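Numbers restart at 1 for each chain; the letters A, B, ... are given by sequence-line order, proteins then strands. Nothing here was measured: the structure is a model prediction, and the numbers come from that model.
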Number of protein chains: 2
Amino acid sequence: MESLKVHIKVNEDLYLKDPESTKLGKKIISHSILLIDELGFESFTFKKLATKINSTESSIYRYFESKYSLLLYLYCWYWSWIEYKLVFGTINTNSALVRLKKTIEIISSPIEIDNDISHINEVILKKIIISESIKVTHTKIVDEENEKGHFKVYKRIIRRIAEIIQEINPDYPYPHMLVFSMIDGVIEQSFFSSHLSGVTEMKDEHDTCLIDFYTDLILKAIQ
Amino acid sequence: MESLKVHIKVNEDLYLKDPESTKLGKKIISHSILLIDELGFESFTFKKLATKINSTESSIYRYFESKYSLLLYLYCWYWSWIEYKLVFGTINTNSALVRLKKTIEIISSPIEIDNDISHINEVILKKIIISESIKVTHTKIVDEENEKGHFKVYKRIIRRIAEIIQEINPDYPYPHMLVFSMIDGVIEQSFFSSHLSGVTEMKDEHDTCLIDFYTDLILKAIQ
DNA sequence: CAAATATAATAGTATTACTTTCAAAAATCC
DNA sequence: GGATTTTTGAAAGTAATACTATTATATTTG
């Protein structure tokens with residue numbers, strides 16, 4: 001059976017030319033994910049990517065201003081996809097508590113292969129988000145990017161979940177901090193689990209203990 | 001009154017020549033902190049630093065292999081200093097709960113100027129740690145650095161605090177994850193508080209609400 | 001004061017992140 | 001199906017960066 005195809009749309013000013021609109025564009029996206037994962041963002045260059053996909057540096061520059069803006073594109077795509085999963089996963093659920101538990105599960109679960117979205121490998125994309133997304137946020141131009149609205153989706157996700165918490169306990173004073181703690185913590189613990197053993201009980205990126213940890217932590221905090 | 005001078009020692013393989021041993025070395029450290037804060041790590045270069053301190057690129061290269069290893073030095077220095085504050089701040093305290101509370105306070109408090117250590121501006125150093133330390137950890141060579149023992153202090157801090165938690169509640173299953181959550185969360189929330197308003201209730205880097213947030217969170221989690 | 005060491009001045013290299021130009025190929029329009 | 005527009009490829013060029021190497025000049029030390 002053919003499954004439902006979902007198209008994640010990102011802000012138009014993230015690219016010079018929509019990579020979803022052409023074959024070369026899609027190749028740039030799918031292979032950049034693989035190559036950034038392979039080399040790390042610092043060693044990743046448009047020249048190397050061009051060689052990989054039998055194209056040229058200048059062709060890639062027609063889609064993205066810089067390798068940084070390509071990473072920003074992937075970052076925005078990822079969080080839009082997560083938002084879609086959150087909305088889809090909690091639809092028709094009346095109980096705020098059930099919605100919260102489901103939300104925590106979606107945020108802290110390891111990614112499984114999702115065939116609904118063709119050319120993007122979400123498992124490797126998450127690996128990139130885990131190891132490289134701080135290169136999108138921790139920069140001198142973060143405020144500029146923020147003003148352009150590039151963190152809108154990320155912030156909306158936090159707001160959405162914080163609202164569920166407020167529904168459950170309107171008196172809890174730090175719902176956003178609690179949610180941010182989880183969203184950021186999932187990424188960071190996933191990274192450190194496979195690099196600095198000893199800082200976390202998590203064994204690797206596929207360990208599901210994060211669900212358990214954050215469910216317990218959040219429910220106790222807001223009880 | 002002359003205050004107690006404390007000398008923080010870092011691993012010898014972090015530098016080519018000990019910057020604490022000469023006037024130029026100390027100038028490199030103190031001014032690199034100011035310049036990295038001013039320009040951001042990406043735009044910071046040894047050439048610019050050399051100009052600032054009326055020296056030359058090649059002289060700075062005699063102390064540090066690369067700008068990256070200078071950042072690693074600052075990173076290690078910072079965590080050694082935090083460890084010293086933790087040990088000093090919980091000495092002679094028998095109750096594990098009191099030690100835990102004090103620890104949380106030390107980790108999540110904004111930094112105040114500490115005149116005990118002369119040429120290093122700890123307030124600005126923390127700003128650098130907040131915005132740049134991920135450039136030490138989130139890199140392809142993190143495993144290599146880990147093997148060289150450069151994250152030993154950081155990991156020991158987590159272990160230390162996790163042990164206090166285990167003393168209070170030996171059955172809590174995720175003491176390291178909980179501690180890591182706090183240590184990493186403090187840094188990340190401090191960063192985002194001043195850049196992405198809306199993701200946290202924290203107003204800025206000087207807001208003390210983190211103490212309150214983490215004290216409540218951790219005590220409820222392990223109760 | 002001599003010898004050893006540290007620093008400054010200068011020049012040079014490979015790589016990177018991009019830009020420009022122009023020709024060839026492909027898609028689109030009538 | 002041929003003309004036109006758009007997209008891509010090939011090649012060369014630029015400024016900046018992250019270092020290295022060499023030699024001369026200070027500065028420290030015994």
### Query
Does B:Glu205 reach the main-chain N or O of B:Ser194 with its side chain, forming a donor-acceptor pair under 3.5 Å?
no

### Task
Mind telling me whether A:Trp79 and A:Tyr75 have parallel, tilted or perpendicular rings, with 30° and 60° as the class edges?
perpendicular

#### Entry: Geometric cation-pi criterion A:Lys126 and A:Tyr78, 6.0 Å radius, 45° cone
no

### Query
Whole Å only: how far is the CD1 atom of A:Ile53 from the P atom of D:dT8?
10 Å

### Task
Establish, yes or no, whether the cationic atom of B:Lys135 lies under 6.0 Å from the six-membered ring centre of B:Tyr68 and within 45° of the ring axis.
no

### Ring centers of A:Tyr63, A:Tyr15 separated by less than 6.0 Å
no

### Query
Rounded to whole angstrom units, what separation is found between the CG atom of B:Leu71 and the C1' atom of D:dA18?
15 Å

### Query
Taking CZ from B:Arg62 and C1' from D:dA21, how many angstroms apart are they, rounded to a whole number?
10 Å

### Task
Rounded to the nearest angstrom, tell me the gap between atom NZ in A:Lys23 and atom P in C:dA26.
11 Å

### Task
Using atom types as modelled and distance alone, determine if a side-chain donor or acceptor of A:Lys127 lies under 3.5 Å from a backbone N or O of A:Asp37.
no

### Query
Nearest-Å distance, CD1 (A:Ile60) to P (C:dT20)?
18 Å

Within the sub-3.5 Å range, which N or O atoms of nucleotides 14-19 of chain C have a protein N or O partner, and how far apart are they?
residue, atom, partner, partner atom, Å
C:dA17, OP1, A:Lys67, NZ, 3.1
C:dC18, O5', A:Tyr61, OH, 3.2
C:dC18, N4, A:Glu57, OE1, 3.2
C:dC18, N4, A:Glu57, OE2, 3.1

### Message
Between A:Glu83 and A:Arg160 (salt bridge meaning N to carboxylate O under 4.0 Å), is one present in this structure?
### Response
yes

### Task
Quickly work out the B:Leu16 CG to D:dA21 P distance and round it to whole Å.
13 Å

### Message
For a quick check of understanding: with a heavy-atom distance under 4.0 Å over all strands, which category does B:Tyr63 fall into, base, sugar-phosphate or nothing?
### Response
sugar-phosphate

### Task
Could you state the atom-to-atom distance from CZ of B:Phe64 to P of D:dC19 in whole Å?
13 Å

### Task
Write down the distance between CG (B:Leu24) and C1' (D:dA26), rounded to a whole number of angstrom.
13 Å

### Query
Does D:dG9 have OP1 or OP2 sitting under 4.0 Å from an N or O in the side chain of A:Ser59?
yes

### Query
Would you say B:Ser55 reaches C:dA8's phosphate, i.e. side-chain N/O to OP1/OP2 under 4.0 Å?
yes

